[in-house]
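In what follows, chains are A, B, ... by sequence order, proteins preceding strands, each numbered from 1.
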Protein chains: 2
Amino acid sequence: MSDLLARLRARRWRLTAQRRVVAQVLDGDHVHFTAEEIHARAAALLPEISRATVYNTLGELVAIGEVLEVSTDGRAKRYDPNAHHAHQHLVCDSCGTIRDVHPSVDPLVGLPTAERYGFTVSRVAVTYRGLCPDCAAGSAGAASALTDAEA
Amino acid sequence: MSDLLARLRARRWRLTAQRRVVAQVLDGDHVHFTAEEIHARAAALLPEISRATVYNTLGELVAIGEVLEVSTDGRAKRYDPNAHHAHQHLVCDSCGTIRDVHPSVDPLVGLPTAERYGFTVSRVAVTYRGLCPDCAAGSAGAASALTDAEA
DNA sequence: CTGTTGACTTAGACAGTGTCTAAGGTAGGG
DNA sequence: CCCTACCTTAGACACTGTCTAAGTCAACAG
Ligand SMILES: [Mn+2]
Ligand SMILES: [Mn+2]
Ligand SMILES: [Zn+2]
Ligand SMILES: [Zn+2]
């Protein structure tokens, strides 16, 4: 991710302050922020950045394959800068934590040709759900953690 | 699904006309309607049924495990009455068609304990994406099909 | 059969997420 | 240093889902 700006320059993107801060917020690998979270963090660095610009920039990063969209629930999409290493996600049903995981077998091999109904299958998204270690120990703390996260 | 009403009676549900038509709309297995689609079909049978009641009823059916929620994209959730036979989904990127598929191996076995980070994993959702046979043959027709579906 | 009552339904307001438009601003080439 | 095409902005709008207060009725008791 550290040379994302170089790659964007190579794509002849205009390097604006807004795009720089969005890239900077996404710079830590293994994050899965919502657009609003990214906007809040970007605004801490560049207060006048608008919601529309964050959505525009994220949409462009997704379109060129530098960022992945992750829809784990029916809530806001999450944006994943770890786009250059195929992986899947492990989600806690209680607190919503998301972790990257790397299954030992390609999830595509589980689907025989006979079960593809003529589809040309090119991608597969796997979401493993359960409880994280913190939430598994004491559901009261788990519930409040979720409440905190949603507040 | 045909004895869904019997199961609801056994759970001491009040059998209202509204709940009956929602159950009737979901009666055909292998459908994946949005709440709005279910409301439209239910209203064709019982014109005065409200959106709120459709959402309430679907939420209750999901809570008791008679219907599954499916979030394939960031759009509206889809409601799946095929809850008594574990399956996964195959989605066309172009027209949005959803098909039930039955992988030959349990998707959970692909995730070794070492990759679970202490999580207690209880469920897994797999979404296979690609192009359906119709859309693979001629992307113009495919694009218009998606436009139609969204209109 | 009839009356009672708590569960159910309703319209519409509201909230969260994402898209669009028109007007103004600016990065980068010349 | 100027231009101009591309970018950003505020805010309106659309879609999806939730909530509330008031009215209605399914089921049961008598
Ligand atoms: Mn990830
Ligand atoms: Mn299904
Ligand atoms: Zn947790
Ligand atoms: Zn298709």
Side-chain angles (χ1 to χ4, degrees), chain A residues 5-6 8-25 32-43 45-64 67-79 96 146-147 149-151, chain B residues 5-6 8-25 32-40 42-43 45-64 67 69-79 96 146-147 149-151:
Chain A
L5 289 177
L8 297 182
R9 224 182 330 260
R11 287 177 179 273
R12 335 214 59 183
W13 268 30
R14 280 174 59 168
L15 288 188
T16 65
Q18 290 83 357
R19 286 172 172 177
R20 259 186 273 262
V21 297
V22 170
Q24 185 174 343
V25 168
H32 301 92
F33 293 139
T34 65
E36 293 297 346
E37 288 168 347
I38 291 167
H39 180 235
R41 285 173 158 79
L45 304 170
L46 184 71
E48 68 273 25
I49 191 172
S50 70
R51 262 177 15 107
T53 293
V54 171
Y55 275 104
N56 287 344
T57 303
L58 290 172
E60 290 159 355
L61 289 170
V62 169
I64 66 179
V67 167
L68 300 175
E69 270 181 357
V70 181
S71 301
T72 54
D73 53 2
R75 308 284 298 274
K77 288 176 191 166
R78 292 179 175 274
Y79 292 88
L146 181 57
T147 305
E150 286 177 338
Chain B
L5 288 178
L8 297 182
R9 223 182 329 261
R11 287 175 178 274
R12 335 212 61 184
W13 269 30
R14 281 173 59 167
L15 289 187
T16 65
Q18 290 83 356
R19 287 171 170 179
R20 259 187 271 263
V21 296
V22 170
Q24 185 174 343
V25 167
H32 301 92
F33 293 139
T34 65
E36 294 296 347
E37 287 168 347
I38 292 167
H39 179 235
L45 304 169
L46 185 71
E48 67 274 25
I49 191 172
S50 71
R51 262 177 15 108
T53 293
V54 171
Y55 275 102
N56 287 343
T57 304
L58 290 173
E60 291 160 353
L61 289 170
V62 169
I64 66 179
V67 167
E69 271 181 357
V70 181
S71 301
T72 55
D73 53 2
R75 308 284 297 274
K77 288 177 191 163
R78 292 179 175 274
Y79 292 88
L146 180 57
T147 304
E150 286 177 338

B:Glu37 CD - D:dC15 P separation (whole Å): 14 Å

Whole angstrom value for the distance that separates P of D:dC6 from CZ of A:Arg11: 17 Å

B:Phe33 CZ to B:His39 NE2 distance, which is reported to the nearest 0.5 Å: 14.5 Å

Over all atoms of both residues, closest heavy-atom pair of A:Val21 and A:Ala42: CG2-CB, 4.0 Å

OH on B:Tyr79 to CD on B:Glu69, rounded to 0.5 Å: 4.5 Å

Rounded distance (nearest 0.5 Å) linking atom OG1 of A:Thr53 with atom CG of A:Leu46: 9.5 Å

Protein-nucleotide distance (A:Asn56, atom CG; C:dG25, atom C1'), rounded to Å: 15 Å

Contact letters for nucleotides 23-30 of chain D, in which S counts primed atoms plus P, OP1 and OP2 and B counts the base, heavy atoms under 4.0 Å: --BBS---

Nearest-Å distance for atom pair CD/P, residues B:Glu60 and C:dC8: 6 Å

Separation between CZ of A:Arg78 and CD1 of A:Ile38, rounded to the nearest 0.5 Å: 9.5 Å

Atom pair CD (A:Gln18) and OG1 (A:Thr16), whose distance is rounded to the nearest 0.5 Å: 4.5 Å

Protein proximity profile, nucleotides 11-17 of chain C - base contact B, sugar-phosphate-only contact S, no contact -, cut-off 4.0 Å on heavy atoms: B-----S

Inter-residue atom distance B:Gln24.CD - B:Arg20.CZ, 0.5 Å rounding: 10.0 Å

Whole-Å gap separating C1' (C:dG28) and CG (A:Leu8): 16 Å

Whole-Å distance separating the CD atom of A:Gln18 from the P atom of D:dC6: 17 Å

For the student: nearest non-hydrogen atoms of A:Lys77 and B:Gly74, plus distance: CE-CA, 3.7 Å

